[in-house]
Each structure stands twice: as structure tokens, then as C-alpha cells.
There are 2 protein chains.
Amino acid sequence: MLISTCSINENRSIEHIEMNTKKTSSLKSDLDTPCLMLDLDILEVNLQKMKDLAGKAGKSLRPHAKTHKCSALAKRQIEMGAIGVCAAKLSEAEALTAAGLGGILITGPVTTKSKIDRIVSLLAKAPSLIVAVDNPEAVEMLGAALRENGLSMDVLVDIDIGLKRTGVAPANAVAFADLVISQRNFRLRGIQAYAGHVQHIKSYDDRKNKSLGCLAEAAAVFKKLRPKLGSSPIFSASGTGTHDIDLAVPETTELQVGSYVCMDAEYMAIGSDADESRFTAFTPALRLLTTVVSANQKGFVTVDAGLKSLYRDGALPQVLGHEGHGLRYDWFGDEYGKISYDETTPPPAVGEIFELVTSHCDPTVNLFDRFHLTSGDEVVGSWAIDLRGCSQ
Amino acid sequence: MLISTCSINENRSIEHIEMNTKKTSSLKSDLDTPCLMLDLDILEVNLQKMKDLAGKAGKSLRPHAKTHKCSALAKRQIEMGAIGVCAAKLSEAEALTAAGLGGILITGPVTTKSKIDRIVSLLAKAPSLIVAVDNPEAVEMLGAALRENGLSMDVLVDIDIGLKRTGVAPANAVAFADLVISQRNFRLRGIQAYAGHVQHIKSYDDRKNKSLGCLAEAAAVFKKLRPKLGSSPIFSASGTGTHDIDLAVPETTELQVGSYVCMDAEYMAIGSDADESRFTAFTPALRLLTTVVSANQKGFVTVDAGLKSLYRDGALPQVLGHEGHGLRYDWFGDEYGKISYDETTPPPAVGEIFELVTSHCDPTVNLFDRFHLTSGDEVVGSWAIDLRGCSQ
């Protein structure tokens, strides 16, 4: 049963879960721990909120599947109007295609002979596939492989707007685009520009200024390239931390946001337009359940979730309902965590279960094979994390 | 082909790999990246070295499978004389049992009703199973479940020697042991005492003093308990960082060392008896292969291994052959790494492949489904990381 705070078409959502899961009927407290949960009611609110924001701004959504690594959730995003999904790696795109998804943009460079051969094979099953490119040799190799197979495909030029990780410098972008076009078997659709270094800046105003500065560089390139692009040019940008800022940039056509579906402690700690002390746009739908397994100390107990089930990156995991007071999670090795309690909270007992908001959702999701789907206290099904481990 | 630096019975090792793998014949450079490799020649040297040290000291080995999460490697450890393997979690013990292994010690507390039911089921298939206990209520629950099923089992009392994570205080250990014995369906075999907080102390002398101090507390408990134990009492202790120190403690009977098989940058950075600046006892057999995917910057390139394929914990990953000079790996997000080069090294090109020593082997292994097994430049097979994700 989906509780009534869920603002979406409930039947459709329930149907979708039944299609993708072994139907169960149990309570959260019956789940073995550590395990990952997705609160469906919150998830649907997050999905709807991003959809509404993008719709109002006249932009498309192609959310990043690298966050949730779940083709069932990607299908839900497409059901709700997304034009496709992004994949960071080729192996993610292969898994998404195998699950029947289209409109996939591979945001990372594909540069080796063996991966280029796999792109060509994938294209037969996924003609709507798009790849971002940033390297002349890789473009030539991919172009040659396409010609050999009598194929053509969509590409975006990846523009480096300050992260310096992938992409060509804005000053070199037009020449690089001409090289891409000269390969003939590419349809140059536009650009990708991701300001990854800006997403977690705590101050909203700083973040806004930096993001707008970065995107202005990309927008200038996009305008120069426009005559070379087809009828529906693409300018793919943004992340959860700057989604509202980047929607206001006239040139962007689509957002490749990822974390907004799950959310984590790292994002919850940054400021927002509405509140400089916290991120108010989305609510954590992803939680980790953990059980107290040892309680022989004063001031803290030991729980069964450590580095191997909560990726240690960014902010500390938060004990749900105890943000900033009462109970505090800290790291305690590969297999364990420490939950400290203060005088406002009775000492937790062995067997007690807590819900944690994860430090950094993306690499934590990648530690598990399954999301348990919950609504209130009920477990209503599960989704396979079928892209888990797709790092190639 | 195993190259001749391998000091072990080669036929036996080759046979074992053939039994456990899909036989391949290719080169390291053919492997898709990022991927995990185990250098079999180094692995065998590490295994033999620990076996010889333990044998010389008259101790047994029950290595920790939580490091490698691989039942094929656990079998190799047992072939080489280990009396069993340790598991941190019940689900690891279940997977090891399913793979045909015996002599399993579960080193972490099992406290919930559902897990206790699973222990009882597992015991039917694994009568040699041992669990470490530290909580009166859990002992009573487990005792009741055993009585209901007409079963009995081996247990160790987990002694807290300063890590404060699990275990009973030495002062309470005898009373707790009496409670265990009073449950009747347990065979109290001895104690477990793990000084996890000592393993990575950089100074060998400090580490030695601290480890001996911790184990002296456990040894005092062990002596008091001896009259209550059977004919082959167990005192299970140690880790890779203190293996040589703890072998010299007369009372320890077995070592639960884990990381020595794989090794990592974190362990390589601690001092040893022979050299205060580095750990000389074992050599990294575990490597991560990564490929340069973008090279548009001065001073560094981008590679395809980031947080999701190299767990960020402990020391920075080391570029093999460039320890301390030339090339340096640094983090660059979930999917990417940055390899910086100095004036002594030509700039790496797109497509170039590097071998990295991982930061912290245990959680990195848990990110992959397979070890590629290599000897020199050849890939001679693979082993499934079949305990991957067993966090429950």
C-alpha cells in the first residue's frame, strides 16, 4: 500500500513495482541488516518535483543512472517523462539497453579498441545511443569502426568547464567539433558540460555564481556550434546541487541530474536558495538499515554496517530522527559502525534497528544488489540494482 | 604458465585454478578495465611465507576470508595447511559452506532471531562451525534455539582487548564464560581477541609493545578459562600488521590474519622489524588495472578507476613501479582517477594502462565479482569473488 502523501498516480507506480519485483508483504523491521531501502513515497515526491521544475523551465530530463544503478528506477523516470537516462560507463549502458531502455547518453569517454567494438555492437540494439567525446584519436577509432560497419551515431562534444577531468577546453571546442564532423559517420547533436566541482559548494550564492560562470563558457561554445547541429540540438548539463540554477540558463536543453532521487548526507549539508544551512529541494529516499550487535561499552554501541555497506565519502551518515542530536553514527571498521548516544537518549539495546541517511549515495548503492521498497513501515517489494559493479 | 619465481608446488596450484575457473589464455593488456588482478606468483609466496612462520612457531592458521571474499582462495589456504577460515558475517559463512569449506569461525556477533535461525540451519551442513559470542541475551537465544533442535556447537568468548568494538571486558570474561557453559548446548572452545586498533600503528616497536600488552590481557583470561575448555583449546588472535609479534606469544593457538594474501598501500606504509619505513613481510599480489581515458590537461591525465572501483580508505593507491616518484594517483570522483606525472616521466597517452596497488584491499575486493589471475604478463584464469556483497 502506498500511503497518501504520494502525489503521483498510485496505481501506475504499484503496477510498476509488481512488474519488477518479487511481491512481498512484510515490515521494515523484518528485513535482515545491513540492507538498503528506498522509501517509495519520498522517491515519488523527489521524482515529481524535478519533473515539475524541468517542465516549468521548458527543459528535458535525462537523469543519471550512475546514482541508482537500477533499470527499474530508470524506467520509472522515463514513465514520468524523462527523455532517456545517462550512463557513466559503457557497461552501464549495456545493462540499461538489455533492460529495454532507450535514449541513453554515455557521459564518459570510450577510448579503447575493445570498448569501441562494444559500442558498435550496442548501437545495433540501441540506435538512440549518444556518446560524449573529448579525444581526437578515440573519435577517429570510433569513426573508422562505424564506417566499417556502415553505421552512424549521435555524439556530443564534452566541454571542460573547470572540473578538468574530461572534455575539451572551450577554446578548442569548435575545431574539435569540426574534426568530429569530418568523420562523417557521426551526427553531432551538441555538447555536454558538467561542473562537478561546483555541485557541493556549501554557500548557495557562491554555487550559483560559479555554476553560471561555468555554463556561460559552455553556452558560448553551444552558440558557435549551433549552425553545425541538427534540428534538436542538445546542451546537457547540471547536477543535483545546481539543478535550479542551471534550469534558468536559457541555452541548456536537458539536465543530467542523478542524486536527487536518493539523496545523501553530503547533499543535505549544502545550503539552498530557501535556507543557507541545508538543502531543502529533495528529501532522502535512500536509507540503510543497521542493527545493534554489541553493547558492552558506555556511551556507544556497535552496529552491523561499516565501510563495506556504507561508502565512507563526504559527510558522516546521519541517524534518521537524530540529525544533530541524540544519536551519532561514526566509522568502526570494514564491518561495523559506532552509534554514540548522549544524555537525551536511552542507550540502544542489542537487536535495535536504526535507519541511516548514507554519506554519499552513488558509491553506497554500488555495494548492494537490491533496494527494498518501502511505504511507511511496510516493505512493498524490491528492485534489483542490476547495474551494480558495472565500472567498465 | 606459472613463472619460476613461484616457490610452491606449481602443478597443484595450476590444477586448483583450472578446477575453479574458466580457462583463458590472454595477456594482462587484453583485460578490460577497471578490473582486479591477483598476481599468482606473489600470492603463493605470501601464502607460503605465512604458513612457514606459523609452522615454525607451532601455531595454526585460520585466515580471514573477509579480505578476499573468495572461496577458491580460501580452498587454496586450506590446501596449504590452514585449519579453516574466518568469516566476519553469517552470510559469508553460508557462502563458504556452500562452496564446501569447513572449519569456519564467525568472528562477529550474531544477535537477531532470524540470524540465529540461520546459524541453526547452517550447523546441519557445517558441524565444525564456531561462533564468537559477547552478549548474554544473544547467548541465551542461541542456546535455546540449539536445545529446541537438539543441537550443540562450538563457541569462543570474544574478549575486548582495547578496540572496544565487540567483546566482553577481560574482567567480566570468566563470569560470561560460565553463563555460556550454563547453556549446556555449547562447547566452549576458548577465546578470540582481536587488537584491530593496533594493526596499522606505523612504528614497529610501538605496535609490538601495544599488541603484546593487549594479548597479555587476553592470555590471562585464557589461563583462567583453561580448566573449563576441552582438549584442544583455542586462542584466536592477530592480524597482518602484528602477525610476527603475536606468533611469539606462547598462549595464542591460531592466527586470524587476512590482508597478507592481497596486501595494500595502507599496510605497505607501516614499518616492520627489518625496516622502520616500510612493511617488508608481504608483497602486494592484488592490483587494479586502469586505463587513461582523457589527456587534455598539463601535468595529469584521467583514468577510468575512481571511488567505485578503488575504495577510498587509508593510503593513496600507488602506481606500480612509481612508488614515491614519477606517477601519482589521486581521487577524481566516483568513476575517475587522476594520474599526475612529473618531469621524470613522459605524459601518459590515452589508452595507456597502469597497475595500481589499492588503498585498502578488503573493501576494494568487495567492489568486484572476479579476480583475474596472472603470472607475469599472462592471464591464466580467474576466481569468482563469491562472497562479494555478503554484508549480513
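Everything quoted here is computed from the prediction, not taken from an experiment. Letters go in sequence order (proteins before strands), and every chain restarts at 1. Only heavy atoms go into these numbers, but all of them, side chains included; no hydrogens, no water, no symmetry mates.
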Discussion item. Please rank A/E335, A/Q297, A/R165 by heavy-atom pairs under 4.5 Å with chain B and give me the top one.
Written reply: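 Between A/E335, A/Q297, A/R165, the count favours A/R165.
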
Interatomic distance, [X] atom [atom1] to [Y] atom [atom2] [nearest 0.5 angstrom]:
X: B/S391; Y: A/L307; atom1: OG; atom2: CG; result: 12.5 Å
X: B/D313; Y: A/D334; atom1: CG; atom2: CG; result: 7.0 Å
X: A/D160; Y: B/S294; atom1: CG; atom2: OG; result: 8.0 Å
X: B/L367; Y: A/N366; atom1: CG; atom2: CG; result: 6.5 Å
X: B/I353; Y: A/T112; atom1: CD1; atom2: OG1; result: 8.0 Å

Between [X] and chain B, which part of the residue has a heavy atom less than 4.5 Å away: side chain, backbone, both or neither?
X: A/F332; value: both
X: A/V110; value: neither
X: A/K298; value: neither
X: A/N296; value: side chain
X: A/N135; value: side chain
X: A/T166; value: both
X: A/V293; value: both
X: A/F300; value: side chain

Discussion item. Pair B/M141, A/V350 - check side chain to side chain contact (heavy atoms under 4.5 Å, CB included), show working.
Written reply: CA-CA 12 Å; B/M141 275 168 71; A/V350 166; over 6 Å; no

Fill in: Atom NZ of B/K164: over 12 foreign heavy atoms under 6.0 Å
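No - once you tally the heavy atoms of other residues, nucleotides and ligands closer than 6.0 Å, there are 12 at most.
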
Worksheet item: Side chains of B/Q392 and A/D304: is there a donor and an acceptor less than 3.5 Å apart?
Response: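 Checked: B/Q392/A/D304 side chains show no N/O donor-acceptor pair below 3.5 Å.
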
Is the side chain of [X] donor-acceptor paired with the backbone N or O of [Y] at a distance under 3.5 Å, no angle test?
X: A/K308; Y: B/D362; answer: no
X: B/Y311; Y: A/R312; answer: yes
X: A/K115; Y: B/D32; answer: no

Worksheet item: Counting heavy-atom pairs under 4.5 Å to chain A, which of B/K338, B/H197, B/R118, B/E137 comes out on top?
Response: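 Ranked by contacts with chain A, first place is B/R118.
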
Worksheet item: Which atom names give the shortest non-hydrogen contact between A/Y336 and B/P109, and what distance separates them?
Response: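 Distance-wise, the nearest heavy atoms are OH-CD, 3.6 Å.
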
Worksheet item: Any ion pair linking A/D30 and B/K113 (charged N to carboxylate O, less than 4.0 Å)?
Response: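 The answer is no: the pair does not qualify as a salt bridge.
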
